[in-house]
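To keep things clear, I will list the structure first and then write my remarks on it.
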Amino acid sequence: MDILKDLDFRGYLFQVTDPDGLEARLAGGPITLYSGFDPTADSLHVGNLIPILGLRRFQLAGHHAIGLIGGGTGLIGDPSGSKEERPLNPPELIAEYTGRLAEQLARFLDFETGANPARVVSNLGWLSELKAIDFLRDTGKHFSMGYMLAKESVASRLETGISFTEFSYMVIQAYDFMELFQAHGCELQIGGSDQWGNITAGIELIRRRLGGQAHGLTFPLLEKADGSKFGKTASGTVWLDAGKTTPYQFYQHWINTDDRDVVSFLKLFTFLSGNEIRNLETEVTEHPEKREAQRVLAEEVTTLVHDRSATERARRISDALFYGELRDLSAREIEEGFSDVPSQALNGVSGVGLMDLLVNVGISSSMRQAREDIRSGAIYVNGRRCADTGMMLEPSDRIAGRYVVVRRGKRRYFLVRWNL
């Protein structure tokens, strides 16, 4: 497999330090490469998928992938892509985040089987042993102020201010690359284009201190066609942790992809072949209303990040909401599908009038408003429109023996947990 050709087709290539040199090196046999992930949260997010899948694509092509968790650099903060100083988390929290990120990487990289198992390492292992004087003498002297100030990650922060702590991040990440070069024969670093300055600094340090040759490859920072930030929704970041973003919410993020983005996302985030993607591209052009490409994208990425059963649950929830067959959902699917909507408990009653329910759980502001909402056809209970202001709800109306789902208008959902 020609990995560079595949990456180019999928839109992964933005900058390569020495294109001809890297191509020649890859032609000579497997290469060891790494990408870094700083533990700034207890989960990775969809923005991290491109470097993660970049590592996976290299591994599937026979190369040796290293996932570097910044247990050490996470204590300092990367100025890249940030307009202001990042808050510093305590070491105990960074250690906890490091473990969680390592577990997540294991979903995508094979650390156990095959001829080229991946590995995950934390840079705290070597950075914690550095002595300040030795580091300044042996490493710091290779970086001039002019060289560092010219890097975008630093230059972009000069007006708003940058501390020496974050200013030193570039040198420390360069040291990481050199350490991996020495310890594991790592010759290639990959990452987002905002990491270009850090990557080239590492290549330069390897050349100066060790006389070695290393390479760098960056991916373009992803922007959506409508100008909104990729990986962000109205409710916030789309996380890879099912406890922070449910599989259903994750699935919905991809199913709602704009027609203008869906083909490029299929290339970037799935392992579908070129022919499969081109066929879906034809579907987008000829039958955009079917949204077949979005469905495939959502299923492929949700299965990749979670698993097939999570994808099936997400599909069932989506179909139930679209077709109004909510009674077919299980308790787990109800909780997952409505985890981000207002909810209210209804305890100790064996029956309740619809108008009373609407007012008691805050769906309608008053009995008068409730009556108007019902008569106007704005109220749906468990997917069915309700036009009877005298309607009574019985325990048998509960879904999965516990839930009542109320919708007001087209999109406002409310979940009632009815406990007898």
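Position 1 is the first residue of the sequence; numbering continues from there. Computed from a prediction, not measured in an experiment: that's the story for all the values here.
Taking 4.5 Å as the limit, every side-chain heavy atom of L53 sits out of range of all side-chain heavy atoms of F219. You'll find the side chain of L280 stays beyond 4.5 Å of the side chain of L297, heavy atoms only. Residues F414 and V404 fail the side-chain proximity criterion, which asks for heavy atoms closer than 4.5 Å. W418 has its side chain within reach of L393: a pair of non-hydrogen atoms, C-beta onward, lies under 4.5 Å apart. Side chains of I334 and L415 form a contact here, defined as non-hydrogen atoms less than 4.5 Å apart.
Between the side chains of D38 and Y169, at least one donor-acceptor pair of N or O atoms lies under 3.5 Å. No hydrogens or angles considered: a donor-acceptor pair under 3.5 Å links the side chains of E276 and S273. Between the side chains of Q252 and S318, at least one donor-acceptor pair of N or O atoms lies under 3.5 Å.
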Distance-only donor-acceptor hits, side chain of residues 379-387, under 3.5 Å, sequence neighbours excluded:
| unit_1 | atom_1 | unit_2 | atom_2 | d |
| --- | --- | --- | --- | --- |
| Y380 | OH | R385 | NE | 3.1 |
| Y380 | OH | R385 | NH2 | 2.6 |
| N382 | OD1 | V405 | N | 2.9 |
| N382 | ND2 | D397 | O | 2.7 |
| R385 | NE | G377 | O | 3.2 |

Report, one line per pair, each donor and acceptor closer than 3.5 Å where one atom sits in a side chain of residues 175-186; sequence neighbours left out.
| unit_1 | atom_1 | unit_2 | atom_2 | d |
| --- | --- | --- | --- | --- |
| D176 | OD1 | W126 | NE1 | 2.8 |
| D176 | OD2 | N123 | ND2 | 2.8 |

Throw together a table of side-chain donor-acceptor distances under 3.5 angstrom for residues 357-364, partners on residues two or more places apart or in other chains.
| unit_1 | atom_1 | unit_2 | atom_2 | d |
| --- | --- | --- | --- | --- |
| N360 | ND2 | D356 | O | 3.1 |
| S364 | OG | D373 | OD2 | 2.8 |

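Under the 4.0 Å criterion applied to side-chain N and carboxylate O atoms, E283 and K290 are not assigned as salt-bridge partners. The pair R417-E335 meets the salt-bridge criterion, with a side-chain N (NZ, NE, NH1 or NH2) lying under 4.0 Å from an Asp/Glu carboxylate O.
By the 30° and 60° cut-offs, the orientation of the rings of F250 relative to H306 is perpendicular.
Atom CG of L7 is separated from atom CG of L268 by 10.0 Å, given to the nearest 0.5 angstrom.
Geometrically, R313 does not engage Y248 in a cation-pi contact defined by less than 6.0 Å to the ring centre and at most 45° from the axis.
Here side-chain hydrogen bond (donor to acceptor under 3.5 Å, both in side chains) pairs that include residues 98-107, with residues two or more places apart or in two chains, are D42-R100, S43-Q104, E96-R100.
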(message) Go through it in stages, so that I can follow the logic: the residues are F230 and F269, the test is ring-ring contact (aromatic ring centres under 6.0 Å, His included), and I'd like the CA-CA distance, side-chain angles, deciding distance and then a yes or no.
(response) CA-CA 13 Å; F230 174 76; F269 297 107; 5.4 Å; yes
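Applying the side chain to side chain donor-acceptor pair (under 3.5 Å) test to R407 and every residue at least two apart in sequence or in another chain returns nothing. Residues passing the salt bridge (Lys or Arg N to Asp or Glu O under 4.0 Å) test with E292, sequence neighbours excluded: R295.
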